[in-house]
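We use all heavy atoms of the structure for the numbers below, so side chains are in, but hydrogens, waters and symmetry mates are not.
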Amino acid sequence: MTAVIFAKNSRWHKHPYLTKAHRHCARRSSNAEVATSSKLAGRRTLVAKMVSGAEQQQGHRAGVYKQKNKGHKHGKHRTKGEIERENKGRVSVTALTKKQRKEARKMDKRHKANQLRRNKKDLVLTEKRRLGSRDGPPHLVAVVALHAGVDAEAVTRLLRCEGAGGLVREESSVCGVSDSFGLVMPRFKQRFTFLRPDTADMHSLLDVVKVADSLVFVLDSTEGWDSYGDHCLSCLFSQGLPTHALVCQGVSDLAVKKRVDSRRALAKISEIRFPGARLFPLDSDQDATLMLRHLGAQRQRRLGFRSRRPHLLAQQVSYTPNSSEGSGEAPTGLGTLRVSGYVRGCPLQVDRLVHISGFGDFLLSQIDAPIDPLPLNSMTPRPAKPGKEGDVDMQDGGVEVASVRVLMKADPARRESLQAEAEVDPMDGEQTWPTDTELLEAEEARKSKRVMKVPKGTSDYQATWIVDEEDENGEEDEESTDDEDDEDSMMEESIDGEDLDSQVDAASGGGSDEEEELNSTSDKGGADQRYDEHMDEAEEGEGLKRYREARANEMFPDEVDTPLDQSAKNRFQRYRGLKSFRSSPWDPLENLPADYSRIFQFQSFERTRRRVLAEAAQEEEGAMVGWYVTLHVMDVPPTVMESVQAGRPLVLVSLLPHEQKMSVMHMLVRRHPSNTDPIKSKEELVFHCGFRRFRACPIFSQHTSADKHKLERFLRADAPTVVSVYAPITFPTAGVLLFKQREDGMQDLVGTGSLLSCDPQRVVLKRIVLSGHPFKINRRSAVCRYMFFNRDDILWFKPVELRTKWGRRGHIKEALGTHGHMKCVFDSQMRSQDTVMMNLYKRVYPRWTYDPYVPLPLPWVKGEGTQVPDDFDME
């Protein structure tokens with residue numbers, strides 16, 4: 001290749017069509033000798049031709065048959081540039097991008113959460129500031145002594161003294177409680193109502209704590225609380241404990257060196273029940289002032305069962321019997337009860353029913369507004385504001401035109417009914433009308449007369465009411481079928497216990513005659529004799545029997561022996577087998593008892609509960625919270641007034657809609673650790689559910705998420721149990737206390753829990769287990785006996801599946817002979833020590849034993865429980 005020489009600054013030095021080799025040669029020959037002019041001219045001519053050819057070259061043109069790519073499909077939307085040119089800087093408000101909308105939603109959620117948080121905080125602060133102020137009810141404080149050695153009266157006496165900074169405006173402010181007073185604190189601009197309930201009366205103590213805003217527990221300086229105080233704390237914690245404070249007296253009387261040790265020991269004791277609580281000494285006026293400041297400023301605990309229902313503690317009570325002179329009717333023994341007090345919780349309506357704890361549900365006729373007996377500032381009276389008829393000015397110290405003004409009267413059209421049970425139509429179950437043949441047969445049966453021996457002078461009409469002994473016995477047998485069925489099954493479960501009784505008796509009687517003579521001649525010591533005098537042998541024997549039944553049920557759950565004198569087909573005719581307890585269907589509306597026609601049922605209890613509680617929270621009509629009102633309660637028995645005169649407080653609560661109606665209530669209960677006696681199903685217990693108090697015989701069942709629940713024969717100590725009972729409807733949440741009354745009148749706490757739901761369709765199944773023994777074993781097949789004792793029973797229960805304690809499953813193949821032997825086939829090899837079992841189920845229902853009357857308990861004393869020998873062996 002001939003090198004082409006250019007000058008360094010030549011305009012062709014960077015020509016695009018010259019190759020790298022050309023430029024390299026030009027750089028190499030830059031310092032060489034200049035070629036001849038003829039050669040240089042020739043090369044320039046060649047380069048000029050190449051440049052002219054490059055200028056004349058054209059771009060590539062695709063042929064007719066070449067590929068043509070499609071243009072971009074932009075979806076007929078404008079580009080960002082077009083949008084900006086059209087808007088000319090203007091921003092659209094509604095047209096937001098997806099990212100902008102997401103950011104806006106996020107900000108909205110954040111603002112909404114902040115608003116809800118702020119509203120809740122403002123609501124809490126408003127309630128806190130209203131309590132005890134001129135716009136709210138007085139701060140209700142109950143002083144409770146937890147030890148027999150402390151003096152609670154000294155605490156109230158120190159709080160009411162002038163040195164504490166308070167002014168006592170009202171003595172005996174709570175009706176039925178002697179030690180109660182109204183206190184005004186001008187320094188803190190608050191007012192208090194203090195009362196000291198009788199701790200020996202458990203019903204009065206529980207009723208007062210239900211409505212109290214704060215509790216003051218008086219502790220002993222050395223022990224803290226005794227056994228009865230611990231019993232009271234267990235009941236109060238289970239029911240729902242409001243805001244509380246711990247007080248101790250006598251610490252200042254100790255030496256200076258011992259005060260710190262005493263407070264440290266007492267704080268260690270109180271840490272068990274009240275973790276993190278502060279202990280206040282109360283020995284001087286300064287301590288009382290600090291105590292009052294703490295009570296007025298501490299945070300209030302919200303209890304759901306009382307904050308959603310209007311309630312009040314009676315401060316003035318009067319009773320007027322109903323007059324029957326003008327009406328001409330016989331006296332009913334009822335009257336009108338006028339109860340005055342401060343409205344608490346939420347606004348009170350006159351058309352709603354009210355419940356008096358321990359006495360039942362009643363109607364209201366009207367609500368009055370008397371003068372507030374405990375104004376915060378009585379030195380500056382304010383005239384009443386002119387308003388509409390029926391309105392009243394509730395300002396402190398207001399001077400009303402009349403002493404009492406009617407706020408509202410009940411409207412009979414809007415008033416709720418006292419009907420608790422559904423009306424039962426006996427013909428509602430009839431589905432067919434009798435035919436002509438049946439009518440003729442009934443007419444002939446009516447005409448045919450029976451020969452009966454009747455007294456002389458008895459008419460035909462009177463003779464029809466005389467029942468033969470045979471018919472009477474037959475009717476009694478039919479009526480007692482259901483009860484005997486349950487009782488027989490329970491008796492059969494306790495067969496093991498009866499056998500153990502005989503074993504123990506035989507063991508005790510099997511000794512030698514010499515030992516009997518020694519026992520008879522030996523004299524008992526004086527201490528033993530005095531101990532035996534206070535022991536009830538009948539109660540001890542009954543407790544031992546219940547303990548053995550519980551042990552037998554624990555070791556051999558649900559096992560029942562087949563009767564020898566009755567066929568199993570008739571004895572267990574109400575039972576059926578299930579392929580799977582979890583997945584097998586069971587109709588909840590099948591064969592319902594007659595008591596189910598008396599109760600009410602919700603289509604959706606949870607939806608109704610949410611709606612009722614939401615309406616109650618938004619209620620703004622009626623007597624507002626903090627007003628001092630007088631309620632006129634209609635048709636009240638005189639026993640209510642007698643209870644108040646006997647020194648027991650009166651608590652009145654307004655019921656929510658439907659809460660007076662009967663239904664099947666379920667409660668989730670745990671057995672209390674202090675109770676060791678077995679609690680049998682369908683045993684009478686005393687219930688404290690919310691503001692209600694009643695007696696009933698419940699049934700126990702397992703707490704599971706399935707649609708069928710197994711019956712528990714005893715209240716379990718290791719797991720929560722569902723207690724089902726016929727009772728008035730109560731919307732959760734509410735605390736539940738279960739008491740068992742002793743024969744001497746004391747009531748022991750046996751269980752605590754909360755209200756679960758109201759569901760009559762909750763299926764509770766009772767299980768019985770029939771057991772048999774493998775007689776002959778041939779790998780997977782075996783001949784079993786002792787499960788049945790005749791051939792008909794085997795054929796009747798042949799479709800039911802069998803199982804063994806070692807996990808084998810099988811079925812009955814055929815009956816062998818006529819004495820109850822049967823051939824069974826299992827899914828794997830049988831063992832000689834295995835036991836063949838058959839599970840049978842039937843649905844059970846609670847008993848209608850609801851009784852709103854609960855007798856007053858005697859002062860509680862800790863019992864020793866049933867003593868059982870340690871070497872007692874269950875064989």
(request) For E153 and R196, run side chain to side chain contact (heavy atoms under 4.5 Å, CB included): C-alpha distance rounded to whole Å, both residues' side-chain angles, the deciding distance at 0.1 Å, then the answer. (result) CA-CA 8 Å; E153 185 178 358; R196 183 174 57 86; 4.2 Å; yes
(request) Output, in order, the C-alpha distance, side-chain angles, deciding distance and verdict of side chain to side chain contact (heavy atoms under 4.5 Å, CB included) for V354 and D361. (result) CA-CA 6 Å; V354 294; D361 305 336; over 6 Å; no
(request) Starting from the C-alpha separation in whole Å, work towards a yes-or-no answer on salt bridge (Lys or Arg N to Asp or Glu O under 4.0 Å) for R847 and D595. (result) CA-CA 9 Å; R847 291 179 180 175; D595 291 336; over 6 Å; no
(request) For D198 and S204, run side chain to side chain donor-acceptor pair (under 3.5 Å): C-alpha distance rounded to whole Å, both residues' side-chain angles, the deciding distance at 0.1 Å, then the answer. (result) CA-CA 7 Å; D198 184 12; S204 300; over 6 Å; no
(request) Check whether more than 12 heavy atoms from other residues, nucleotides or ligands sit under 6.0 Å from atom CD of E621, and answer yes or no. (result)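 No, not enclosed.
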(message) For the NZ atom on K661, are there more than 12 heavy atoms of other groups (residues, nucleotides or ligands in this structure) within a distance under 6.0 Å?
(response)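 Yes.
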For [X] and [Y], work out which heavy atoms get closest and say how close.
X	Y	value
F362	V633	CB-CG1, 3.4 Å
T243	R301	OG1-N, 2.9 Å
V625	P137	CG1-CD, 4.2 Å
V209	G240	CG1-O, 4.4 Å

Residue pair [X] / [Y], side-chain heavy-atom distance below 4.5 Å:
X	Y	answer
D635	L363	no
S357	H203	no
P370	Y628	yes
L650	V640	yes

So that I know where these two stand, are [X] and [Y] an aromatic pair - ring centroids less than 6.0 Å apart?
X	Y	answer
F731	F605	yes
F691	H355	no
Y726	Y850	no

(request) Assess R160 against F181: is NZ or CZ under 6.0 Å from the centre of the six-membered ring, and within 45 degrees of the ring's axis? (result) yes
(message) I'd like to know if the side chain of Y596 and the backbone of P760 have a donor-acceptor N/O pair within less than 3.5 Å.
(response) yes
(message) Does anything in residues 639-664 form a ring pair (Phe, Tyr, Trp, His ring centres under 6.0 Å)? List the pairs, not counting sequence neighbours.
(response) F602-H658
(message) The test is side chain to side chain donor-acceptor pair (under 3.5 Å); show your working for T336 and H632 and say whether it passes.
(response) CA-CA 6 Å; T336 301; H632 294 248; over 6 Å; no
(request) Go through the steps for S318 and R338 under the test side chain to side chain contact (heavy atoms under 4.5 Å, CB included), then give the verdict. (result) CA-CA 5 Å; S318 62; R338 294 176 178 83; 3.3 Å; yes
